Amino acid sequence: MTSTNVTEEAEDSGPGGYAAARLRLLTEEARSGPPRRTALADLTDDWLGGLFAAGAQGARGVSLVAVGGYGRAELSPRSDLDLLLLHDGSDPEAVAALADRLWYPVWDLGLALDHSVRTAAEARRTAGEDLKVQLGLLDARHLAGDLGLTTSLRTTVLADWRNQAPKRLPALRELCEERAERQGELQYLLEPDLKEARGGLRDATALRAVAASWLADAPREGLADARRRLLDVRDALHLTTGRATDRLALQEQDQVASELGVLDADALLRQVYEAARVIAYAGDVTWREVGRVLRSRAVRPRLRAILGGGKPAPERSPLAEGVVEQDGEVVLARAARPDRDPVLPLRAAAVAAQAGLPLSLHAVRRMAAGARPLPAPWPAEAREQLVTLLGSGRPTVEVWEALEAEGLVSLLLPDWDRVRCRPQRNAVHLWTVDRHLIETAVRASAFTRRVSRPDLLLVAALLHDIGKGWPGDHAVAGEVIARDVAARIGFDQHDVTVVATLVRHHLLLVETATRRDLEDPATVRAVADAVGAQGTLELLHALTEADALATGPAAWSSWRASLVADLVGRVRAVLSGDVPDGPEEAVPTAEQERLAIEAVATGAPVLSLRARAEPPTEPSGDPEPLGVELLIAVPDQAGVLPAVAGVLAVHRLTVRTAELRTLDLPDGVDGSVLLLDWRVAAEYGSLPQAARLRADLVRALDGTLDIAGRLAERDAAYPRRRGVVAPPPRVTVAPAASRHATVIEVRAQDAPGLLFRIGRALEDAAVRVRSAHASTLGANAVDAFYVTSPDGSPLPGEEAVSMARKLEETLRA
C-alpha cells in the first residue's frame, strides 16, 4: 500500500481508519528506518489535520503545531505525540472545545499524548522559564490552521534562543551532564537507554539546539548517520516489545537484532556503541567550542578597551615539534606537515596528554587527512611517544578518543578494529574491550615506579585483551597478536618475548592466587615456569593489579591483592633459588591459634565474627569495606564445608571469599583442626550473633539441623525474581595443578546456598576436602577445591572426571 493510499484510508475512515492504516504501515516489511518514520508522521499529520478541520470549522487565530520529536517527524512506533494548540486568545471557549475534539480521539486510540494549549505570548513565556519547553519549540512544525500564527511563534522563539544563548547554553550543558551522571554512557552499557544515556538521542537533540544558536556547531561528519542508527534501533525495540521503551534490555537484544537484519546481539550493541561514540565525541567538541566562544566574548571587551580596538591575534605556545597550544587546545604549528612527518599524530597526542589539554578537532582531522602509515619497525621516537601517551594517566582517555574518532588509532594499530566497541557480557566489566585496554594503561601508569621497564608494562596493558576480537582463548590469540605488534612497534626480540608472555599470562597470578593452594610447591613452580624471570614477574604483578582495577570494583580487593602478593613472593623465591625443600608451613596468627586450641579442648567448633577494615588499595581511596571476617576452628571431621556454608545460607549471609585448610597445632597439642577464614556480609538487615551461628553449626554437624529443608522452605515462601538467564555451571578437573590432591574447579552463577550444595555433593562423593578457595566476582562464583580420597591420595583420573561430571549435573538441576 502506498503512502497516498494509507493517507486516504485514514481520511475516509476516521480514527478507525487511521488505526488500521497505522498498523498496516508498521507491519510493512519493505519499509523501515527514515522512510517509515516519515510516512508515519505524514499519516498522523493528515489524520490530525482532518480532526482539526472538523473541529475548528473555519475558525481563525488558532493553529495546531507539532513540537519535539514529532516536530522533527521522528515518530517511532510507540512515540508520544507532542502537540501544541496555539491560539490568539480571542475565543478561549472555542479553543477549549477544539482541544477536546483533538485530544480525545488520540486518547481513544491508546496513543501517548503530550499536549498544551497556549497563546503565543504564553508559549514564549513558558519557554523562557522551562529549558525543555524551549528545546521542544525549536523543532515546532505547522500541522493545521493559521500558518501565520505558527510562523510568528517559530521566528520569535528562535530569535529568543539566539539572543539568550550565552545564558541558556551553559544551563543546557549542565542538563546534559546531570543526565549522563544518572544514566551512564551509552557506548559502554549492556542495557543502555537509547534516549537518555550520554551519547544518546537527547544529546543529539541538544547538539541541534547548539547549532540553532549560531554560537557553535557540532562536527557534522557521521552525526546524522549515528542519530539515524539509534532511531532505527528504537523503532525495532518498540515493534518487538510493543511498548514505548528506550531501554535496550538484554532479553530483547536478539529480537531487535533480528528485526534490523543484524547478525546477533553483540553486533547490534557494537552498532549502538559506534553511534553513541560519534554523538558523545561530537558533544565533547561542541561544548568545548561553546566554552571557548563564551570565554572569548567575556574577555574581548576588556581587550578592546586596552588595545583601542582591533582583534588580537591568538597566542600560540610551542609544545613540541610541529605542535603548539592555542586557546586551551593542542593544535598543529603552521609549518607542520603531516604528510611528511608520520610521527606527528603520536607526538601531538603525547604532548596533549602530558599537558592535560584536548587535541583540537581541526588538528586531528588535518593529521588524519595527511597521515601515512609508520614504517615497520617504528622509529624509536614513535615508540617513545606511544609510551609517553600511554603513561599520561587519565588525560590519555580523551586524547585517545580523539585519535580514534578520526581513524588514526586504526592506522597506527590495525588490530584495534577487532576490539573497537566490542561489548563484554560480564557484569564485572564496566567497559567495552577497547576502553578497558585504555583504562588498564591508565591504571598501569600509576605503577611505573614499581617496575624496571615501565614501557613494557604500558604496552602490555594496552594489548593484554587484544585477542578478544578473535575466536578461542583470548590470551592465546592475544599472545600472537602482541608478539607481532611489539615487533612492529620496534622492540627487540627479548622485549617482544616479555610483552607476549605478559599478554599470554595476564590472568595467571590472580587465578592461581584465588583458586590454588599456595602451600603446594607444584602450584608455585608452575607459575615460576610460566613467568620465567623475576623482571617479568614484577611486570606481571603490576599488570595484574592494573587489569583488575580497570575492570570494575568487583574484580579487585585488599584480600585479592594480599593473595597475589603472597604468590608473587613465593614465585620470586623460586626464581631466585631461595626455596625450601618441602611445603612452606603457614604461620597461624595468635587469634587462629587461640581458636584452634579451644576447638581441640572443647571438641566443638569455635568461631570469631568481627568487622574488619583494611588499608585502601590506592593512596587516595577510602578504606575498603570487606564486610565481616569470620574465623572458624573445627575439630577435623566430615561435613564441615557444607555445614558451615549451609548455616551461613540459613542466616542469609553472603560468602564473598572462603578459605579452608588444616591448621598445624603447637607442640604438645594433640588433634587436627580445620580452619575456615571467610569474609561474609548480610544480604540485608543486621548480622546474626556469633553465639547463634555457633549453636546452629553444632546442630548442623551433629545432624539435628535440617539445612536443606530450611533452605527449601525459604525458597518456597520467598521465590527469587527471575532475571537474566545465566550460563550453565561448569565443573572441571585442573590437570597437573597439585601433586598432593585433585583440584576441582567450579564456575557458576552465585546464589544463596551454592557453596552448601557444592559441599554436600563433595561429601556425598566420599572425598576429603583438603583445602578450598572460593571467591565471588559480581554474579559469578569461581571456586577451587583440593580433594583427596579417604586415604589422603589424589583421585584416579577417571574417578575425578566422573565426580566432576556428577557435581556439574547436581548444580544444573
Side-chain angles (χ1 to χ4, degrees), residues 514 517 559 588 591-592 594-596 598-600 602-610 612 626-663 671-683 687-712 714 744 746 748 750-776 781-787 807 810-811:
T514 57
D517 187 355
W559 171 75
E591 176 73 358
Q592 292 171 345
R594 181 188 68 78
L595 292 176
E598 185 177 345
V600 170
T602 61
V606 181
L607 61 83
S608 169
L609 187 67
R610 61 177 181 174
R612 179 176 177 179
L626 290 180
V628 170
E629 180 186 36
L630 175 62
L631 280 176
I632 305 176
V634 187
D636 196 355
Q637 59 190 287
V640 170
L641 177 61
V644 173
V647 167
L648 297 183
V650 167
H651 286 273
R652 296 189 182 274
L653 290 176
T654 299
V655 179
R656 291 180 173 175
T657 64
E659 296 284 336
L660 180 152
R661 61 186 173 90
T662 303
L663 188 66
S672 179
V673 172
L674 292 177
L675 179 71
L676 296 90
D677 187 352
W678 293 21
R679 300 288 187 273
V680 299
E683 288 184 24
L687 292 166
Q689 293 182 347
R692 179 70 182 277
L693 284 178
R694 181 181 180 279
D696 282 350
L697 180 55
V698 170
R699 294 174 58 206
L701 289 170
D702 66 22
T704 59
L705 177 62
D706 181 9
I707 292 175
R710 287 277 194 91
L711 294 178
R714 190 176 69 191
I744 304 296
V746 179
D750 188 38
L754 174 65
L755 199 53
F756 165 70
R757 296 177 65 199
I758 295 173
R760 189 170 63 171
L762 293 176
E763 289 293 328
D764 292 343
V767 296
R768 178 176 177 235
V769 180
R770 183 171 177 265
S771 65
H773 310 269
S775 59
T776 303
V782 182
D783 306 333
F785 302 90
Y786 285 65
V787 302
L807 176 56
T810 299
L811 296 179

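All values reported here derive from a predicted model rather than from experimental measurement.
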Inter-residue atom distance [X].[atom1] - [Y].[atom2], 0.5 Å rounding:
X: Ile632; Y: Leu595; atom1: CD1; atom2: CG; value: 10.0 Å
X: Ile707; Y: Arg760; atom1: CD1; atom2: CZ; value: 9.0 Å
X: Leu660; Y: Leu676; atom1: CG; atom2: CG; value: 4.0 Å
X: Leu687; Y: Leu693; atom1: CG; atom2: CG; value: 8.5 Å
X: Ser771; Y: Leu674; atom1: OG; atom2: CG; value: 10.5 Å
X: Leu631; Y: Glu591; atom1: CG; atom2: CD; value: 6.0 Å

- Query: Above 12 or not: heavy atoms from other molecules or residues under 6.0 Å from CD of Gln689?
  - Reply: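 It does not: Gln689 CD has 12 such atoms or fewer within range.
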Of all the heavy-atom pairs spanning [X] and [Y], show the shortest one and how long it is.
X: Thr810; Y: Arg757; value: O-NH2, 2.7 Å
X: Ala658; Y: Leu755; value: CB-CD2, 4.3 Å
X: Pro688; Y: Leu609; value: O-CD2, 3.6 Å
X: Ala774; Y: Trp559; value: O-CH2, 4.1 Å
X: Pro635; Y: Ala599; value: CG-O, 3.6 Å
X: Val673; Y: Ala596; value: CG2-O, 3.8 Å

- Any donor and acceptor pair, going by atom type alone, linking the side chain of Glu763 with main-chain N or O of Gly639 inside 3.5 Å?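 Yes.
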- Item | Under 3.5 Å donor-acceptor, Trp678 side chain and Glu629 backbone | no
- Task: Would you check, one step at a time, whether the test side-chain contact (heavy atoms from CB on, under 4.5 Å) holds for Leu705 with Val650?
- Result: CA-CA 10 Å; Leu705 177 62; Val650 167; 5.5 Å; no
- Worked verdict on Phe785 versus Leu641 for side-chain contact (heavy atoms from CB on, under 4.5 Å): CA-CA 11 Å; Phe785 302 90; Leu641 177 61; 3.7 Å; yes
- Task: Go through the steps to decide whether Arg692 and Asp696 satisfy the test salt bridge (Lys or Arg N to Asp or Glu O under 4.0 Å), and finish with yes or no.
- Result: CA-CA 6 Å; Arg692 179 70 182 277; Asp696 282 350; 3.7 Å; yes
- Task: Step by step, work out the side-chain contact (heavy atoms from CB on, under 4.5 Å) result for Leu630 and Leu648.
- Result: CA-CA 10 Å; Leu630 175 62; Leu648 297 183; 3.7 Å; yes
- Item | Verdict with reasoning, Val698 to Thr704, per side-chain contact (heavy atoms from CB on, under 4.5 Å) | CA-CA 9 Å; Val698 170; Thr704 59; over 6 Å; no
